Amino acid sequence: MRILILSDLHSNATALNAVLDAAKDRWDFSVCLGDVVGYGPDPNEVTARLRELGTKTIRGNHDKAVTGLMDTEDFNPVAKAAVDWTRSELNPEHMAWLSALPKGPLETDGIVLVHGALQDEDEYVFTPQQALDGLLDSNAKVTFFGHTHHQGGFSYEDADLEVLQIRPRSAESFAALRIEPTRRYLLNPGSIGQPRDGDPRAAFAIADLQHNVVEFWRVPYDIQAVQKRMRSAHLPEPLVQRLAVGR
Ligand code: ZN
């Protein structure tokens with residue numbers, strides 16, 4: 001079973017289409033770690049695509065904010081403006097689907113899915129200390145998380161916590177991580193719609209746990225086309241510009 005792992009799509013249909021083209025015929029079923037919408041110009045298209053694919057999806061903080069399950073007090077003004085715009089754009093059926101998304105952690109097919117941290121879906125996991133709870137307490141050996149928009153992760157065995165710097169170089173499409181049978185893993189596929197780890201290419205992962213391998217992918221997409229749609233929608237300029245730098 002090869003699992004396509006999507007996260008932080010953020011209403012970017014051009015990036016999602018590039019990912020699905022690159023991953024074509026390489027996966028058996030798909031999961032999504034949340035933040036389907038928010039920031040980008042295509043909330044209806046991206047939600048529709050996930051629904052068509054039958055992707056097993058948990059909610060992210062932006063999905064909660066857009067559907068009114070969370071207030072936007074903690075959002076910065078730019079993120080809040082995008083939430084308000086998204087809310088006004090989404091058709092009612094997609095809105096209902098988003099508001100019914102389950103909360104992580106969700107166990108499925110031998111892995112666990114979370115948006116942020118294992119104990120708190122809205123918390124960021126950047127450091128080994130923050131990763132420890134997830135590594136120790138998850139019900140699966142391999143747990144996938146999103147929210148930070150940084151591709152990579154952590155592994156753990158016998159008090160040895162390793163930070164995994166696993167990202168394909170600019171000339172490569174993917175980098176493969178070998179899953180050691182005795183270690184535990186907390187892995188982030190990176191963000192499709194708004195990468196923040198310095199590589200503007202759309203990020204995702206493909207896991208084949210029968211063969212003990214997780215591939216971390218990056219694919220280029222037409223960033224300018226997305227920026228153009230964002231400007232016509234009057235989405236905040238900082239959100240438009242960050243796509244080109246991947247920060
Ligand atoms: Zn996000």
Side-chain angles (χ1 to χ4, degrees), residues 5-16 19 30-43 45-47 49-50 55 57-67 69-87 89-90 94 98-99 101-106 113-118 120-126 130-131 134 143-153 167 186-205 216-218 221 223 226 230 235-236 238-243 245-247:
I5 298 142
L6 312 172
S7 192
D8 297 278
L9 292 77
H10 285 295
S11 301
N12 186 335
T14 308
L16 176 58
V19 162
S30 56
V31 300
C32 170
L33 310 174
D35 280 2
V36 177
V37 296
Y39 297 137
D42 318 306
E45 292 82 346
V46 168
T47 308
R49 200 77 204 269
L50 283 191
T55 304
T57 304
I58 57 169
R59 67 190 192 184
N61 53 315
H62 283 258
D63 308 318
K64 286 200 291 179
V66 163
T67 55
L69 291 168
M70 175 190 203
D71 64 43
T72 47
E73 252 169 48
D74 293 340
F75 279 55
N76 64 54
V78 156
K80 191 185 176 315
V83 164
D84 293 340
W85 180 86
T86 305
R87 205 176 273 162
E89 282 291 305
L90 266 174
H94 292 330
L98 288 166
S99 65
L101 289 176
K103 173 186 171 158
L106 182 76
L113 315 178
V114 293
H115 182 65
L118 190 76
D120 180 349
E121 59 182 339
D122 300 326
E123 195 179 305
Y124 291 91
V125 176
F126 281 112
Q130 292 166 327
T143 299
F144 287 94
F145 73 106
H147 197 31
T148 62
H149 301 202
H150 283 219
Q151 192 172 50
R167 279 182 218 153
L186 190 61
L187 302 176
N188 191 325
S191 167
I192 291 177
Q194 194 201 75
R196 295 177 193 161
D197 52 12
D199 183 342
R201 295 178 295 172
F204 66 101
F216 290 84
W217 281 73
R218 295 312 274 244
Y221 69 96
I223 292 173
V226 181
M230 290 176 80
L235 282 159
L239 295 178
V240 178
Q241 288 183 13
R242 70 188 303 178
L243 291 184
V245 285
R247 288 276 179 212

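As the structure lists them, so they are numbered: ligands from 1, and atoms in each ligand from 1. Remember, predicted model here, so these are calculated numbers, not experimental data.
- Under the salt bridge (Lys or Arg N to Asp or Glu O under 4.0 Å) criterion, D84 pairs with K80, R87, not counting sequence neighbours.
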- Task: Quick one: do H62 and Y39 satisfy ring pair (Phe, Tyr, Trp, His ring centres under 6.0 Å)? Show the steps, please.
- Result: CA-CA 9 Å; H62 283 258; Y39 297 137; 4.4 Å; yes
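- D197 has a carboxylate O that lies under 4.0 Å from a charged side-chain N of R167, or vice versa, which qualifies the two as a salt bridge.
- Among protein atoms, those of element N, O or S found less than 2.8 Å away from the Zn ion (ligand 1) are D8 OD1, H10 NE2, D35 OD2, H149 NE2.
- With ring centers used as reference points, H115 lies 6.0 Å or more from F145.
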Next on the checklist: I'd like to know whether Y221 forms a side-chain hydrogen bond (donor to acceptor under 3.5 Å, both in side chains) with N12, so could you lay out the CA-CA distance, the side-chain angles of the two residues, the decisive distance to 0.1 Å, and finally the verdict.
Outcome noted: CA-CA 10 Å; Y221 69 96; N12 186 335; 3.2 Å; yes
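- The shortest distance between side-chain heavy atoms of E121 and N61 does not fall below 4.5 Å.
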